[in-house]
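Residue numbers begin at 1 in each chain, while the letters A, B, ... track the order of the sequences.
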Number of protein chains: 2
Amino acid sequence: MASQTSLTEDLNRLAAARNRFTSELAKNVHLYNIKPSAGRLYGTVFFSEKPMTLDEMSREMEMSKTSMSTNIRELLQADMVEQVWEKGVRKDLYKTEDDWYKSFSNVFVTRWSEATEKNKKAICDTKTMLTELMEETEHEEIRERIGGDLSKLDEAEAYYQWLAEVVDLFESGEIFSIVPKKTSGNK
Amino acid sequence: MASQTSLTEDLNRLAAARNRFTSELAKNVHLYNIKPSAGRLYGTVFFSEKPMTLDEMSREMEMSKTSMSTNIRELLQADMVEQVWEKGVRKDLYKTEDDWYKSFSNVFVTRWSEATEKNKKAICDTKTMLTELMEETEHEEIRERIGGDLSKLDEAEAYYQWLAEVVDLFESGEIFSIVPKKTSGNK
DNA sequence: AAGTTCATTCAGAAAAAACTGTACAAAGAG
DNA sequence: CTCTTTGTACAGTTTTTTCTGAATGAACTT
């Protein structure tokens with residue numbers, strides 16, 4: 001008995017469904033400091049039934065292999081994707097980390113703690129520069145401005161101090177005892 | 001008695017100190033979905049002794065007034081900057097929100113909850129599309145793939161559900177009872 | 001060793017984003 | 001009402017980012 005529905009038609013619908021998700025993901029990954037095209041690549045690998053080679057990604061995404069290489073490395077560094085080994089397969093194989101808590105929380109923590117550290121450092125440097133100038137200058141108006149700047153920076157510093165502790169909450173996994181992981185519905 | 005230090009020299013040092021902070025800020029604000037140049041503008045207004053007009057910003061940053069207008073609106077929408085009124089002044093005046101917890105937490109919450117909502121929506125849509133296809137297709141191989149996709153999406157959905165609750169923690173201010181605000185040193 | 005098969009490097013092309021000047025409209029002053 | 005002053009829209013330019021194909025070299029095969 002022949003099929004009622006066309007296979008290619010159904011494959012198209014499958015692709016369209018997957019694309020709905022992947023496109024949205026691509027639009028939002030910049031918050032994790034990842035480029036849209038790397039986000040699309042993530043989606044592609046995510047839906048793949050088995051680990052993918054660079055050539056397969058290239059064909060699937062209709063983009064150059066060079067881009068696949070570049071983007072997969074970005075995902076690899078962010079720990080969102082991992083390399084897997086299969087006996088007899090020479091090409092590099094990649095799959096996405098199954099655990100979204102791991103992959104996304106991790107990249108979040110990494111990027112934000114970097115940024116927070118750098119900002120704290122910058123505030124510290126600025127304060128040092130200002131304090132030195134404060135001691136050396138003889139112009140009252142300069143001293144006044146420095147005073148104002150220093151107290152503004154204190155406010156900012158306090159915020160970043162707080163933010164650093166918040167990031168720690170995620171890094172240590174303590175956050176999960178406050179907001180528990182959700183177990184996915186049909187497991 | 002004449003000054004030992006040159007005024008312009010000291011002003012330069014002041015500017016350099018401020019710039020150390022502003023430049024770093026500009027490099028990192030993309031995590032809040034704000035462009036570097038808007039970040040630099042924020043820094044400029046932040047250090048200003050008094051509220052600034054678009055023309056002043058333009059002069060200070062050596063950029064076009066058009067850009068100031070565009071960027072200040074971005075900051076305004078993110079609630080990082082507010083418009084203030086002074087009697088007799090026709091030009092629009094802007095200052096930064098003093099409370100960094102307010103301005104930065106707020107923009108964080110806004111951008112992340114938007115992103116989370118959109119992703120959750122996308123997952124929901126994708127699941128609907130897949131479920132419909134599941135019911136209508138007659139190809140076993142398609143059904144198998146859909147099955148796999150659905151369980152992968154469950155995992156992702158659980159993560160976003162969790163993330164939404166985390167964002168709520170910030171939105172409600174509950175986070176401050178877990179990680180208390182730091183009071184700035186010399187207040 | 002010679003010949004493949006890969007991934008990656010690099011320089012240039014293509015695309016996207018940021019920035020600017022002109023033009024215009026709204027609001028205020030005389 | 002006319003003449004300024006001020007903010008913004010828009011089109012075009014500049015700058016930055018992303019993408020690609022050819023070249024390279026490493027690793028594997030025979």
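- At whole-Å resolution of the value, NZ in A/K65 and C1' in C/dA7 are 6 Å apart.
- One atom, CG of B/L41, and another, C1' of C/dA18, lie 14 Å apart when rounded to the nearest Å.
- Atom NE2 of B/H30 and atom P of C/dA16 are 21 Å apart (whole Å).
- Side-chain atoms of B/T66 and base atoms of C/dG21 include a donor and an acceptor less than 3.5 Å apart.
- Hydrophobic cluster membership is shared by A/L163 and B/F176, with clusters built from Ile, Leu, Val, Met, Phe, Trp and Tyr side chains linked at under 4.5 angstrom.
- Nucleic acid contact class of A/S37 (heavy atoms, under 4.0 Å, all strands): sugar-phosphate only.
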**Request:** Just do the side chain to side chain contact (heavy atoms under 4.5 Å, CB included) check on A/T126 and B/R18 with the steps written out, would you?
**Result:** CA-CA 7 Å; A/T126 306; B/R18 288 172 170 180; 5.7 Å; no

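- Which of D/dC19, C/dA7, C/dT20 sits closest to the side chain of A/K35 comes down to D/dC19.
- No hydrogens or angles were tested; on distance alone, a donor-acceptor pair under 3.5 Å links the side chain of B/R90 to the base of D/dT5.
- If you take CE of A/M63 and P of C/dA7, they are 16 Å apart, rounded to a whole angstrom.
- OP1 or OP2 of C/dC19 has not a single side-chain nitrogen or oxygen of B/R40 nearer than 4.0 Å.
- Distance B/D92 CG to C/dA27 P: 12 Å, rounded to the nearest Å.
- Regarding A/E56, its CD atom lies at a distance of 10 Å from the P atom of C/dA7, rounded to whole Å.
- Distance A/M68 CE to D/dG21 C1': 14 Å, rounded to the nearest Å.
- When each of D/dT20, D/dT8, C/dT20 is scored by its nearest atom to the side-chain atoms of B/R73, the top-ranked nucleotide is D/dT8.
- Between B/Y32 and B/F104, the two ring planes are perpendicular [angle over 60°; tilted spans 30° to 60°].
- Between A/L130 and A/L153 the shortest side-chain heavy-atom distance falls below 4.5 Å.
- At the phosphate of D/dG7, neither OP1 nor OP2 sits under 4.0 Å from any side-chain N or O atom of B/S69.
- Atom CH2 of A/W85 is separated from atom P of D/dA27 by 11 Å (rounded to the nearest Å).
- Taking the six-membered ring for Trp, B/F108 and A/W112 have ring centres closer than 6.0 Å.
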